[in-house]
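Here the structure comes first, spelled out in structure tokens, and everything after it is commentary.
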2 protein chains.
Amino acid sequence: MSELNTDRRIRKTKKVIRDALTDLMEEKGFDGITVRDLTERADINRGTFYLHYRDKYDLLEQSEEEILTRLKKMQLDIKDLDIEDLYEYYLKEEPFPFVVQLFEYIQINGKFMRILMGPKGDPAFPSKLKSFLSGNMMQNLYGKANGNELNIPVDYIIAYVLSAQVGLIQQWLNSGMKESPKEIALIVLNITFMGPLQASGIISLEKIKRKSF
Amino acid sequence: MSELNTDRRIRKTKKVIRDALTDLMEEKGFDGITVRDLTERADINRGTFYLHYRDKYDLLEQSEEEILTRLKKMQLDIKDLDIEDLYEYYLKEEPFPFVVQLFEYIQINGKFMRILMGPKGDPAFPSKLKSFLSGNMMQNLYGKANGNELNIPVDYIIAYVLSAQVGLIQQWLNSGMKESPKEIALIVLNITFMGPLQASGIISLEKIKRKSF
DNA sequence: CAATTAATCAACACTATGTCCATTAATAGA
DNA sequence: TCTATTAATGGACATAGTGTTGATTAATTG
């Protein structure tokens, strides 16, 4: 409900504060920012800041929360995602719709998310993004991945995939979002399914097979 | 040379400050820490801190730098690493020695690195670690990965692999370093070579082959 | 147009910063 | 063991940021 603020002044104030946050984070990093910095940059009275946020941490949290809750809203219809469904898309060489949707939304908040996940950003945000992605895609992996021949603990598989996917998002943001959401979603699908070395053609699929298999 | 400080007092002071940094970062996150906090926790005079560090950022940077330069020292003998060499290890089911060495060193600084890369840590450290890993392992991938059938830009492959590997390191640290450096190095090798879904047995190698190939 | 409420301004006590200086204590080397 | 050196201490300083308050001004809504 905090979105549907009726008073134009509040909307305007919150906007300039958040714009100031984005810019200043890029310049000096989040923990180099003071409330003074924010209000000077936003050209508002310092007291006004405290009318809306408890402190700079509250501002950051609210800004992140807004992004994550909107992401969660688009997630509802794919709760019972199966690896076989994904496989169908892989065969059709089509990106999975949810992932396209995800990148479309990321694109909207591109600048802020790029900074948030960058070296001057919030060290907690990648974890938050991972646990969002995890909620979507990882449930049924748990079951299927047990008892694999190499005995790699499932947690490592999950950590690998989540971290890699966040890395792809970061690379996309840092390189200026040149690919369309569809294109980048297809890249994600292919690398994830084939593995990085196979998808890039560095190693052929045949070479992977090992004597022991 | 800053390591070989002859004066015992300096060594002692730096140690208690860095221990305080580690503990306080775990408790309240780096940017919640004040110099007062540090010196109270370390039980030294506040002025003493400024005898050794310019501010808390200097302390963090020196602490990270120490870890990274030591890492770089062990890296020298594997500069001309080839993907074929790695492939030999993969076939022999043996971890690559440098990676074992890497995890042995990480283990020594386990607690600090875990916190540094965690949600209360330094958002810049994962990038630093990536660029270290990149210096080692990525040069010759650039050449080989061009002109792959899927036309995935090489930067995405690299971002994927680096991010995934950092994710494995984090998972290892966060789960208490239960696997030996050899074991975790082998896990890294297998997942990287086969891809996560294949290594975990979720998808068979045969299924990956696609009509278009 | 009137009632409401957001934004401003100035002031407050408080905490942290980084830098002094004089003094004390520990250390290394002769 | 003694001495010169230098690290650590304790206290003080100006400066800057924090979060809150109360009185005042200005914008917004219905």
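Within every chain, numbering begins at 1; the chains are lettered A, B, ... in the order of the sequence lines, protein sequences first and strands thereafter.
Regarding contacts with the backbone of D:dA7, every side-chain N or O of B:Thr13 stays at 4.0 angstrom or more from both OP1 and OP2.
Sorted by first then second residue, the ring-ring contact (aromatic ring centres under 6.0 Å, His included) pairs that include residues 12-41 of chain B, not counting sequence neighbours, are B:Phe30-B:Tyr57. A salt bridge (charged side-chain N to carboxylate O under 4.0 Å, His left out) check over residues 163-183 of chain A, counting only residues at least two apart or in different chains, returns nothing.
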* Derivation of the side-chain contact (heavy atoms from CB on, under 4.5 Å) call for A:Leu129 and A:Ile169 -> CA-CA 10 Å; A:Leu129 191 58; A:Ile169 292 173; 4.1 Å; yes
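Of the residues in residues 19-46 of chain B, those with a non-hydrogen atom less than 4.0 angstrom from any atom of DNA chain C are B:Thr34, B:Val35, B:Arg36, B:Arg46. Looking at residues 48-55 of chain A, you'll see A:Thr48, A:Leu51, A:His52 sit with a heavy atom under 4.0 Å from some atom of DNA chain C.
Residues meeting the salt bridge (charged side-chain N to carboxylate O under 4.0 Å, His left out) test with A:Asp19, sequence neighbours left out: A:Lys15. Applying the salt bridge (charged side-chain N to carboxylate O under 4.0 Å, His left out) test to B:Glu61 and every residue at least two apart in sequence or in another chain returns nothing. Scored by the side-chain hydrogen bond (donor to acceptor under 3.5 Å, both in side chains) test, A:Arg41 finds A:Glu27 as partners (sequence neighbours excluded). By the side-chain hydrogen bond (donor to acceptor under 3.5 Å, both in side chains) test, B:Arg9 pairs with B:Asp7, sequence neighbours left out. For the side-chain hydrogen bond (donor to acceptor under 3.5 Å, both in side chains) test, no residue two or more places apart in sequence or in another chain qualifies with A:Gln171.
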Side-chain donor/acceptor pairs under 3.5 Å, residues 107-118 of chain B, sequence neighbours excluded:
unit_1: B:Asn109; atom_1: OD1; unit_2: B:Tyr105; atom_2: OH; d: 3.4
unit_1: B:Lys111; atom_1: NZ; unit_2: B:Asp23; atom_2: OD1; d: 3.1
unit_1: B:Arg114; atom_1: NH1; unit_2: B:Glu26; atom_2: OE2; d: 3.3

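When the C1' atoms of four end pairs are superposed on the next four at each end of the helix from C:dA13-D:dT18 to C:dA30-D:dT1, using five pairs per end, the two resulting axes differ in direction by 30°, to 10°.
The local environment of NZ in A:Lys28 is crowded, with over 12 non-hydrogen atoms from other residues, nucleotides or ligands closer than 6.0 Å.
Contact between A:Phe193 and B:Ile203 at its shortest, heavy atoms only, is CE2-CD1, 3.1 Å.
Expressed to the nearest 0.5 Å, how far OG1 of B:Thr69 lies from CD of B:Glu64 amounts to 11.5 Å.
Ring geometry for A:Tyr53 versus A:Phe49: interplanar angle of 30 to 60°, hence tilted.
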Set out, line by line, the N/O atom pairs under 3.5 Å between protein and nucleotides 24-29 of chain D.
unit_1: D:dA27; atom_1: N3; unit_2: A:Arg9; atom_2: NH1; d: 3.2
unit_1: D:dT28; atom_1: OP1; unit_2: A:Arg8; atom_2: NH1; d: 3.1
unit_1: D:dT28; atom_1: OP2; unit_2: A:Arg8; atom_2: NH1; d: 3.3
unit_1: D:dT29; atom_1: OP1; unit_2: A:Thr6; atom_2: O; d: 2.9

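Between B:Asp58 atom CG and C:dG18 atom P there is a gap of 11 Å when expressed in whole angstrom units.
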